[in-house]
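Below, read A as the first sequence line, B as the second, and so on, with proteins coming before strands; counting in each chain starts at 1.
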There are 2 protein chains.
Amino acid sequence: MRRRGTVTRRLIIEAADALFYGEGVRGAGVDAIAKRAGVTKRTLYYHFASKDELIAAYLEARDQPTLKRLKNAMRAKDLASSVRALFKLVGSSGILPTWKGCAFIRVIHELAGQPGHPACVLARRHKKGLEQWFEEQIEAAGISKADERARELLVLMDGAITQMLTHRDPIYAEAALRAALVCLGLEGRPRARSKTAAHVYR
Amino acid sequence: MRRRGTVTRRLIIEAADALFYGEGVRGAGVDAIAKRAGVTKRTLYYHFASKDELIAAYLEARDQPTLKRLKNAMRAKDLASSVRALFKLVGSSGILPTWKGCAFIRVIHELAGQPGHPACVLARRHKKGLEQWFEEQIEAAGISKADERARELLVLMDGAITQMLTHRDPIYAEAALRAALVCLGLEGRPRARSKTAAHVYR
DNA sequence: GTCTATATGCCGATAGAC
DNA sequence: GTCTATCGGCATATAGAC
């Protein structure tokens with residue numbers, strides 16, 4: 001009987017995570033995943049009915065840890081600091097060659113032709129959950145129309161992630177941070193920011 | 001001798017465009033592309049040395065038309081109207097089932113493990129070109145630090161596209177539009193009150 | 001529950017005729 | 001330049017022993 005807590009099952013998901021994230025859910029094959037997990041393909045197919053199911057399990061396993069990591073980065077009391085930490089995280093992660101963007105967005109893009117795929121459903125739920133948490137944080141900071149601000153923040157985060165994956169240049173995470181602070185009303189548009197100061201980076 | 005203007009070559013690229021964009025560059029095979037183009041695989045491989053080269057040609061063929069379409073949408077004299085038109089376009093496109101996001105961003109995500117792939121190089125160049133054009137428009141509107149504002153606009157656009165592909169809900173394009181107008185200083189937003197101040201009203 | 005071995009088909013790419 | 005025919009490999013998935 002298939003249970004969800006099996007050691008073998010966990011090993012397979014860990015291997016899938018490494019390969020699906022590293023090479024894409026279409027680029028990585030079950031053969032390589034089974035080999036990395038140290039099991040045979042037959043064992044893999046005992047625990048997962050299909051590759052599609054394994055892809056869904058891969059995202060399912062990433063859901064809470066990813067949220068937890070973001071919440072931990074944004075644990076400051078004041079919202080401005082939290083938002084700065086968020087985009088600092090995006091910028092610093094984005095310059096690492098091993099970083100390949102957001103796993104959920106990657107799946108949405110790779111499986112754009114199959115929006116009903118279980119993994120796509122999970123990805124949408126993950127992003128909705130994050131949006132809702134953003135909204136709670138913004139509301140707790142006493143900012144009105146928190147739902148609108150949360151969507152703006154989410155758009156900026158995913159836009160920053162996309163640009164980081166594209167150009168691997170923190171300048172885009174910084175752009176997103178500036179935009180987020182302005183949107184949230186936490187920082188006015190600087191009128192006379194010294195050009196030299198603004199260009200310290202790079 | 002292989003020339004770039006051949007009718008056959010164009011037919012193949014058109015078929016590739018439909019299938020690569022519809023099912024992903026990894027999801028679509030050369031078999032299906034050749035069939036759709038009405039040629040044999042051997043002919044396809046006469047015109048393109050490899051599938052990777054065909055993928056690059058597919059993006060290459062999309063580069064100028066995509067830029068042109070965006071410039072046409074943003075042809076208004078005043079920047080605010082142009083920006084509104086941009087995100088209106090993203091929102092209205094994004095609810096069409098046939099729309100599958102930005103072809104360039106899709107490739108970046110699908111080939112995240114191969115940043116040196118010719119198609120990835122083209123995708124980066126395309127986005128850089130768009131960013132530069134944004135900068136020119138913003139500068140022409142008399143807004144300072146146009147380079148920073150252009151990056152913010154680009155991040156918002158790609159973030160909106162990503163969210164549209166994820167949720168198919170124009171509410172995210174609208175969020176990005178609001179953020180863009182605030183960032184460009186085309187629409188004000190009052191600074192947030194402190195949390196204690198907010199408590200006065202509760 | 002895990003194994004060895006294999007079914008079956010599609011993948012990208014090629015040989016050689018015309 | 002386009003065709004028919006096909007290669008070798010890897011894809012997902014399965015049969016049946018233990």
**Asked** Is there a salt bridge (charged side-chain N to carboxylate O under 4.0 Å, His left out) between B/Arg151 and B/Glu148 once you walk through the steps?
**Response** CA-CA 5 Å; B/Arg151 278 190 289 275; B/Glu148 294 186 3; 5.4 Å; no
Taking only distance into account, with no hydrogens and no angle test, what donor-acceptor pairs under 3.5 Å do side-chain atoms of residues 181-188 of chain B form with protein atoms, sequence neighbours excluded?
none

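- Judged by the 6.0 Å distance and 45° axis criteria, A/Arg62 is not positioned over the aromatic ring of A/Phe20.
- Proximity note for A/Ser50 (side chain, C-beta onward) versus C/dC3, D/dC3, D/dA13: the nearest is D/dA13.
- Of all the residues in residues 21-37 of chain B, B/Ala28, B/Gly29, B/Val30, B/Asp31 reach under 4.0 Å from DNA chain C with at least one non-hydrogen atom.
- Atom CD1 in A/Ile12 sits roughly 15 Å away from atom C1' in D/dT12 (whole-Å rounding).
- Between the side chain of B/Arg9 and the base of D/dG1, no donor-acceptor pair under 3.5 Å is found.
- Taking atom CZ on B/Phe48 and atom C1' on C/dA13, their separation rounds to 15 Å, with Å as the unit.
- Residue A/Thr43 places no side-chain N or O under 4.0 Å from the OP1 or OP2 atom of C/dG1.
- Between D/dC3, D/dG1, D/dA13, one nucleotide has an atom nearer to the side chain of A/Lys51 than all others, and that is D/dA13.
- With distances taken from any side-chain atom of A/Tyr45 to the nucleotides D/dT2, D/dC3, D/dA13, the minimum falls on D/dA13.
- At the phosphate of D/dG1, neither OP1 nor OP2 sits under 4.0 Å from any side-chain N or O atom of B/Thr8.
- Rounded to the nearest 0.5 angstrom, B/Ile55 CD1 and B/Ile33 CD1 are separated by 8.0 Å.
- When atom types are taken as modelled, the side chain of B/Arg125 and the backbone of B/Asp63 share no donor-acceptor pair closer than 3.5 angstrom.
- The listed nucleotides are C/dT4, D/dT2, C/dG16; the one nearest the side chain of B/Arg42 is C/dG16.
- No hydrogens or angles were tested; on distance alone, nothing pairs the side chain of A/Lys41 with the base of D/dT14 as donor and acceptor under 3.5 Å.
- Of the side-chain N and O atoms in A/Thr40, none sit less than 4.0 angstrom from OP1 or OP2 of C/dT2.
- Looking at B/Arg106, its side chain never comes within 3.5 Å of a backbone N or O of A/Glu110 through a donor-acceptor pair.
- The distance from atom OH of B/Tyr46 to atom P of D/dT4 is 18 Å, rounded to the nearest whole Å.
- Although no hydrogens or angles enter the test, the distance criterion places a donor-acceptor pair under 3.5 Å between the side chain of A/Lys100 and the main chain of A/Gly22.
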